[in-house]
Amino acid sequence: MINLVYECHDFFKNCGFTYAICGGFALELFINRKIRPHSDLDISIFDEDRKNIVEFMLSHGWRVYEHPSSSELLGIILSPDDKRVLERHCLWAIKPDCSFINIEPTAEAEGFFKYEITNEEQLNFDFIEIIFNSKSDTDFLCGKDKNIKREMDKAILYSDGIPYLAPEILLLITS
């Protein structure tokens, strides 16, 4: 499996909250082989840990951004208490000097940045798309329709100790 996934797991394994690899890398963990190049690394975090993940990333020197769907700009998030942390479906965490994306301040609006993806494939552990999902006491709640659920031990699987979302969950959270 690609080093990027192992680096991500090493980074998060003692974070104190539940996370799971999702997206294309999760499918590769499920079938235990590389399928194709990936444009980014996605992780799933539960809604209850929104502030915790932002605090964790900021404390480790990463920058956190919102990517509003109606905008070509990124909005910087400087605190876990920023209201956008609770409002967005996903956030981007980016290391300074990221090899994958170029970010520059914009003159149009303070606190917003233009960005350009510089590579078709992410090769270094310097960019994470954080996707928020919901759970109950025992179940992973899928997608927009929270009536669809899966037992937690069937929703989050493991490969070589690395947590990842089961393929059926990936299909439901991205639809």
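We count residues from 1, following the sequence as given.
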Chemist: Looking at every non-hydrogen atom in both residues, tell me the closest pair between Leu58 and Ile77 and how far apart they are.
Modeler: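 What the structure gives for the nearest pair is CD2-O, 3.9 Å.
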
Chemist: In Å, rounded to the nearest 0.5 Å, how long is the span from CD1 of Ile148 to CG of Asp139?
Modeler: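 The CD1 atom of Ile148 sits 12.5 Å away from the CG atom of Asp139.
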
Chemist: Taking atom CD1 of Ile21 and atom CG of Leu27, what is their separation to the nearest 0.5 Å?
Modeler: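 One gets 12.0 Å once the value is rounded to the nearest 0.5 Å.
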
Chemist: Could you walk me through whether Ile53 and Phe12 pass side chain to side chain contact (heavy atoms under 4.5 Å, CB included), step by step?
Modeler: CA-CA 10 Å; Ile53 183 71; Phe12 282 108; 3.3 Å; yes

Chemist: Is there a path of hydrophobic side-chain contacts, each under 4.5 Å between heavy atoms of I/L/V/M/F/W/Y residues, joining Leu165 to Tyr6?
Modeler: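 Yes, Tyr6 connects to Leu165 through the hydrophobic network.
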
Chemist: In the structure I gave you, are the side-chain heavy atoms of Phe113 and Ile94 within less than 4.5 Å of one another anywhere?
Modeler: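 Contact flag for Phe113/Ile94 side chains = no.
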
Chemist: Tell me whether the rings of Phe127 and Phe100 are parallel (<30°), tilted (30 to 60°) or perpendicular (>60°).
Modeler: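 Rings of Phe127 and Phe100: tilted, as their planes differ by 30° to 60°.
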
Chemist: Rounded to the nearest 0.5 Å, what separates atom CG in Leu141 from atom CZ in Phe46?
Modeler: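 Between Leu141 CG and Phe46 CZ, I get 8.5 Å after rounding to 0.5 Å.
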
Chemist: Drop me the distance from Ile162's CD1 to Leu157's CG, to the nearest 0.5 angstrom.
Modeler: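 Answer rounded to 0.5 Å: 13.0 Å.
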
Chemist: Are Lys154 and Glu168 close enough for a salt bridge, meaning some N to O gap below 4.0 Å?
Modeler: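 A salt bridge is absent here (no side-chain N lies under 4.0 Å from a carboxylate O).
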
Chemist: Would you confirm whether Arg84, through its side chain, and Ile76, through its main-chain N or O, come within 3.5 Å as a donor-acceptor pair?
Modeler: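 Judged by distance alone, yes, a pair lies under 3.5 Å.
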
Chemist: Are any side-chain N or O atoms of Gln122 and backbone N or O atoms of Asn124, one a donor and one an acceptor, separated by less than 3.5 Å?
Modeler: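 Between the backbone of Asn124 and the side chain of Gln122 there is a qualifying donor-acceptor contact (under 3.5 Å).
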
Chemist: Do Phe132 and Leu86 come within less than 4.5 Å of each other through their side chains, counting heavy atoms only?
Modeler: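 Contact flag for Phe132/Leu86 side chains = no.
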
Chemist: Please indicate whether Glu151 has more than 12 foreign heavy atoms, meaning atoms of other residues, nucleotides or ligands, lying under 6.0 Å from its CD.
Modeler: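 It does: Glu151 CD has more than 12 such atoms within range.
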
Chemist: Nearest 0.5 angstrom please: Met152 CE to Thr18 OG1, how far?
Modeler: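 Answer rounded to 0.5 Å: 7.5 Å.
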
Chemist: Flag yes if Tyr158 and Phe140 sit in one hydrophobic cluster, no otherwise; membership is Ile, Leu, Val, Met, Phe, Trp, Tyr, and two members link when side-chain heavy atoms are under 4.5 Å apart.
Modeler: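 Yes; tracing contacts between hydrophobic side chains, which count when under 4.5 Å, links both residues.
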
Chemist: Hydrophobic cluster membership, with links at side-chain heavy-atom distances under 4.5 Å among I/L/V/M/F/W/Y: are Leu74 and Ile117 in one?
Modeler: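 Yes; Ile117 is reachable from Leu74 via cluster members.
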
Chemist: Has the side chain of Arg50 got a donor or acceptor atom that lies under 3.5 Å from a matching backbone atom of Arg88?
Modeler: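 Such a contact is found between Arg50 side chain and Arg88 backbone.
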
Chemist: For Arg150, is the CZ atom crowded, meaning more than 12 foreign heavy atoms sit under 6.0 Å from it?
Modeler: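 Result for CZ/Arg150: enclosed.
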
Chemist: Donor-acceptor pair, distance only, cut-off 3.5 Å: does the side chain of Glu129 make one with the backbone of Asp40?
Modeler: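 No, because the side chain of Glu129 does not come within donor-acceptor range (under 3.5 Å) of the backbone of Asp40.
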
Chemist: Do His67 and Cys90 come close enough that some side-chain heavy atom pair is under 4.5 Å?
Modeler: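 Result no, sub-4.5 Å side-chain heavy-atom pair not found.
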
Chemist: For Trp62, run the ring pair (Phe, Tyr, Trp, His ring centres under 6.0 Å) check against Phe56, Phe125, Trp92 and tell me which one passes.
Modeler: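 Among the candidates, only Phe125 passes.
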
Chemist: Would you name the heavy atoms of Ser44 and Cys22 that are closest together and state the gap between them?
Modeler: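 Smallest heavy-atom distance, with atoms named: N-SG, 3.7 Å.
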
Chemist: Counting C-beta onward and ignoring hydrogens, is there a side-chain heavy-atom pair between Ile128 and Met57 closer than 4.5 Å?
Modeler: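 They are in contact (side-chain heavy atoms under 4.5 Å apart), so the answer is yes.
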
Chemist: More than 12 foreign heavy atoms under 6.0 Å from CD of Glu87: is that the case here?
Modeler: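 Yes.
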
Chemist: With the 4.5 Å side-chain cut-off for hydrophobic clustering, are Ile43 and Phe30 part of the same group?
Modeler: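 In one cluster with Ile43: Phe30, yes.
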
Chemist: So for atom CZ, which belongs to Phe112, do other residues, nucleotides or ligands contribute more than 12 heavy atoms lying within a distance under 6.0 Å?
Modeler: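 Yes, because the 6.0 Å sphere around CZ of Phe112 holds more than 12 heavy atoms from other groups.
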
Chemist: Checking Asp126 against Ser99: is there a side-chain donor and acceptor pair closer than 3.5 Å?
Modeler: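 Indeed, the side chains of Ser99 and Asp126 share at least one donor-acceptor pair under 3.5 Å.
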
Chemist: Less than 4.0 angstrom from a charged side-chain N to a carboxylate O is my criterion; do Lys95 and Glu7 meet it?
Modeler: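 Glu7 and Lys95: not salt-bridged.
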
Chemist: So do the side chains of Lys51 and Asp81 get within less than 4.5 Å of each other, counting heavy atoms only?
Modeler: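 Side chain of Lys51 against side chain of Asp81, heavy atoms only: contact under 4.5 Å found.
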
Chemist: Could you state the interatomic distance from CG (Leu41) to CG (Leu4), rounded to the nearest 0.5 Å?
Modeler: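 Leu41 CG to Leu4 CG: 5.0 Å, rounded to 0.5 Å.
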
Chemist: So do the side chains of Pro80 and Val85 get within less than 4.5 Å of each other, counting heavy atoms only?
Modeler: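 Not in contact.
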
Chemist: Could you check if a side-chain atom of Ile45 sits within less than 4.5 angstrom of a side-chain atom of Asn133, using non-hydrogen atoms only?
Modeler: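 Answer no - side chains too far apart.
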
Chemist: How about Phe25 and Cys8: do any of their side-chain heavy atoms sit closer than 4.5 Å?
Modeler: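 Not in contact.
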
Chemist: Could you label the plane-to-plane angle of the Tyr19 and His9 rings as parallel, tilted or perpendicular, counting under 30° as parallel and over 60° as perpendicular?
Modeler: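 The arrangement is tilted - the two ring planes meet at 30° to 60°.
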
Chemist: Is there a path of hydrophobic side-chain contacts, each under 4.5 Å between heavy atoms of I, L, V, M, F, W or Y residues, that connects Phe11 with Val54?
Modeler: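 Cluster IDs for Phe11 and Val54 match.
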
